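This report concerns only the one structure given below.
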Amino acid sequence: MKHLKYIALSIGCLCGAFAQTSCDIIDDDLSDCGKDYTLIYRIVLDDNVDEELDHVLDAPADAAARELLRTTLRNGIFANQGRDLDASFYLTTADEARRHHAQVQMGGQQQAQYTFYLPAEPYRHLAVANVGQEPLVKLTQDTLRSTARLLQLQADTIDSQSAGYFSARKNIEEPRQDTTVYVDLYMVNSAVALVVDTTGYDIRSMHVVVQDMATQFGVNDSLYTFTQSPVIRTRELQPSADGKKACFMSVCLPSANTPTRAGMPDDTGEGSYWQMRAYVTLQDGSVTENVLYIRQPLPAGRLKVIKAMMEPHGVIESTTNEVSVAVQFDWQPGGSYNPTF
C-alpha cells in the first residue's frame with residue numbers, strides 16, 4: 001500500500017518572514033501551522049457483472065461470449081484498481097474555495113495511503129480516480145466544490161469509455177491531533193452488452209450504438225446531468241471463429257432513473273429508460289435499423305446484458321423481457337439522426 005506525504009502551505013498560518021521560512025521546511029515543528037491528515041483511499045467495487053453474465057448468457061452456446069465479456073469487463077473497468085487519483089480539499093465556508101489540490105498515483109492498487117499537511121480546519125474533500133488518462137471524460141470546474149464535475153466529451157458521436165471511474169466525497173472535521181480518515185471511492189460509470197445469435201443468416205456487417213445516457217456527473221452531490229443525447233459507439237468482440245455470435249459492449253455513464261419516453265400507449269418505446277440501436281447491413285447492401293428500448297434503468301456500477309436472435313431481413317428479436325424492438329427496413333443515414341460508425 002502506498003504511503004506518501006504532501007504539504008500544503010497556507011498564508012493564514014504564517015506570522016512573519018521567519019514563520020514562513022519555518023513552514024516551508026518539512027523537518028521543522030509545524031504544529032503552529034497545521035496538522036497531518038492521513039487519508040486511506042479504498043476502491044469499492046459493488047457490481048453485478050458475474051451475476052448478470054451467468055444469468056443472461058446461461059446456455060452452453062453462450063459460454064464463449066460470456067467468458068470473453070467477463071475477461072474484457074474485469075480488465076480495468078469493473079476492477080478494484082486505482083491508477084491516478086485527483087484529491088481536492090475545500091473550505092466549508094460559503095465561498096467554497098479549494099484550499100489544497102493534489103494529483104497522485106495509486107499504482108493499480110485497491111488501497112493507497114497519503115498524508116497531507118494542511119491548516120487545521122474542517123474540509124469538504126472530493127476525490128476522483130482513473131480519469132487522468134481518459135480522453136472521453138475530464139474533471140472540470142473543480143476550483144469550487146459545488147461545480148466540480150466529470151464532463152463527457154461533447155460531440156454527436158463518441159467512443160465507449162475505456163476505464164472504470166470512481167469518486168468520493170467526505171466531510172473531514174477539524175482535528176485536535178493528527179487524524180486518519182478512510183475515503184471510499186465508488187464507481188461512476190456502467191456498461192452494456194448486446195449478444196446476438198446470427199446462426200443461419202449471412203449478413204455483411206452490424207453496428208451497434210447506445211443512447212440516452214448521462215453526459216455529466218457532479219462530484220460534490222453525486223448527481224448526473226442529461227444535457228444532450230450523444231450516440232455512444234460499442235466495441236465489437238469476437239467470441240467465436242465461426243461468427244455465429246455477434247457481441248458488442250460499451251462503457252458509459254448511467255441512464256436516468258425515470259423513463260425518457262412518454263409517448264402514446266402503442267409506442268414501442270413507452271416507459272423506456274435508454275436505448276440501443278443495431279444497424280444490420282444485408283448482403284444486398286440494404287440496412288435494417290433495430291431500435292431496442294430498455295424498460296429498466298442502468299445505475300452506476302452495473303452491467304446490463306441483452307440477449308437476442310437474428311431473424312429474416314436483419315430483424316433482431318430480443319429474448320430479454322424488459323426490451324422491446326422497433327424495426328425500420330431500408331434505413332438510410334441522414335436527417336437529424338446520422339451516427340458515424
Side-chain angles (χ1 to χ4, degrees), residues 77 130-141 147 149-165 188-194 196 204-219 223-237 246-263 267-269 272-281 285-295 297-300 303-304 306 314 316 323-341:
I77 301 170
N130 301 345
V131 177
Q133 303 300 318
E134 177 58 64
L136 295 171
V137 171
K138 65 177 181 179
L139 179 62
T140 184
Q141 301 181 39
T147 59
R149 65 192 61 250
L150 294 178
L151 178 64
Q152 184 175 267
L153 178 67
Q154 295 180 304
D156 292 336
T157 307
I158 61 175
D159 289 327
S160 166
Q161 297 162 6
S162 59
Y165 313 142
V188 172
N189 46 357
S190 311
V192 301
L194 174 66
V196 184
R204 186 181 296 181
S205 65
M206 186 187 311
H207 296 91
V208 179
V209 297
V210 182
Q211 204 167 8
D212 294 337
M213 299 305 190
T215 54
Q216 298 182 41
F217 172 74
V219 182
L223 292 179
Y224 293 90
T225 304
F226 299 78
T227 56
Q228 61 187 76
S229 185
V231 173
I232 305 170
R233 299 184 185 96
T234 60
R235 173 184 172 188
E236 184 174 6
L237 306 179
C247 184
F248 302 84
M249 60 156 282
S250 186
V251 182
C252 51
L253 295 180
S255 74
N257 56 13
T258 56
T260 59
R261 293 179 61 87
D267 185 354
T268 305
S272 65
Y273 294 81
W274 53 282
Q275 59 181 283
M276 300 184 80
R277 294 174 180 253
Y279 297 87
V280 181
T281 303
S286 64
V287 178
T288 300
E289 180 193 51
N290 297 267
V291 183
L292 288 74
Y293 295 103
I294 294 84
R295 296 186 300 276
L298 180 66
L303 166 68
K304 178 63 179 177
I306 299 172
I316 291 177
V323 178
S324 57
V325 184
V327 179
Q328 178 181 339
F329 299 105
D330 296 321
W331 176 84
Q332 297 292 329
S336 60
Y337 191 82
N338 188 16
T340 303
F341 300 129

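Remember, it's a predicted structure, so these values are computed and weren't measured experimentally. Along the sequence shown, residues carry numbers from 1.
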### Task
Supply the atom-to-atom distance R295 CZ to Q275 CD, rounded to the nearest 0.5 angstrom.
13.0 Å
### Task
Mind listing the closest non-hydrogen atom pair of P259 and Y273 along with its distance?
N-CE2, 3.5 Å
### Summary
Paired with P230, the side chain to side chain contact (heavy atoms under 4.5 Å, CB included) test is passed by just one of V210, T215, L153, namely T215
### Message
Quick check: closest heavy atoms across Q211 and W274, and the distance to 0.1 Å?
### Response
O-CB, 3.6 Å
### Query
Does the side chain of F226 come within less than 4.5 Å of D212's, by heavy atoms?
no
### Query
Would a distance-only check, ignoring hydrogens and angles, find a side-chain to backbone donor-acceptor pair under 3.5 Å from Y224 to V188?
yes
#### Entry: Heavy-atom closest pair, residues T281 and G285
CG2-O, 4.1 Å
### Worked verdict on L292 versus L194 for side-chain contact (heavy atoms from CB on, under 4.5 Å)
CA-CA 10 Å; L292 288 74; L194 174 66; 4.0 Å; yes
Anything under 3.5 Å between a donor and an acceptor, one on a side chain of residues 249-258, the other on a protein residue two or more places apart or in another chain? List them.
residue : atom : partner : partner atom : Å
S250    : OG   : R233    : O            : 3.1
S255    : OG   : L298    : N            : 2.8

### Task
Return the minimal non-hydrogen interatomic distance between V208 and T234, and the atom names on each side.
O-OG1, 2.7 Å
### A163 versus N189, closest heavy-atom pair with distance
O-ND2, 2.8 Å
### Whether N130 side chain and I77 backbone form a donor-acceptor pair below 3.5 Å
no
### Task
Take M206 and E236 through the side-chain contact (heavy atoms from CB on, under 4.5 Å) test and state the conclusion after the steps.
CA-CA 9 Å; M206 186 187 311; E236 184 174 6; 5.9 Å; no
### Query
Rounded to the nearest 0.5 Å, how far apart are OG1 of T157 and CD1 of I232?
10.0 Å
### Query
Heavy-atom count around R235 CZ within 6.0 Å, excluding the residue itself: above 12?
no
### Close side-chain approach of M276 to F248, heavy-atom, < 4.5 Å
no
Throw together a table of side-chain donor-acceptor distances under 3.5 angstrom for residues 131-141, partners on residues two or more places apart or in other chains.
residue : atom : partner : partner atom : Å
E134    : OE1  : S162    : N            : 3.4
E134    : OE1  : S162    : OG           : 2.9
E134    : OE1  : Y165    : OH           : 3.2
E134    : OE2  : L136    : N            : 3.2

### For Q216, the option from Q152, Q228, R149 that meets side chain to side chain donor-acceptor pair (under 3.5 Å)
R149
### Task
Could you tell me whether the side chain of S190 and the main chain of P299 form a donor-acceptor pair under 3.5 Å?
yes
### Task
Quick one: list whatever passes salt bridge (Lys or Arg N to Asp or Glu O under 4.0 Å) with D156, sequence neighbours left out.
none
### Task
Kindly give the heavy-atom pair with the smallest separation between V327 and V325, and that separation in Å.
CG2-CG1, 4.0 Å
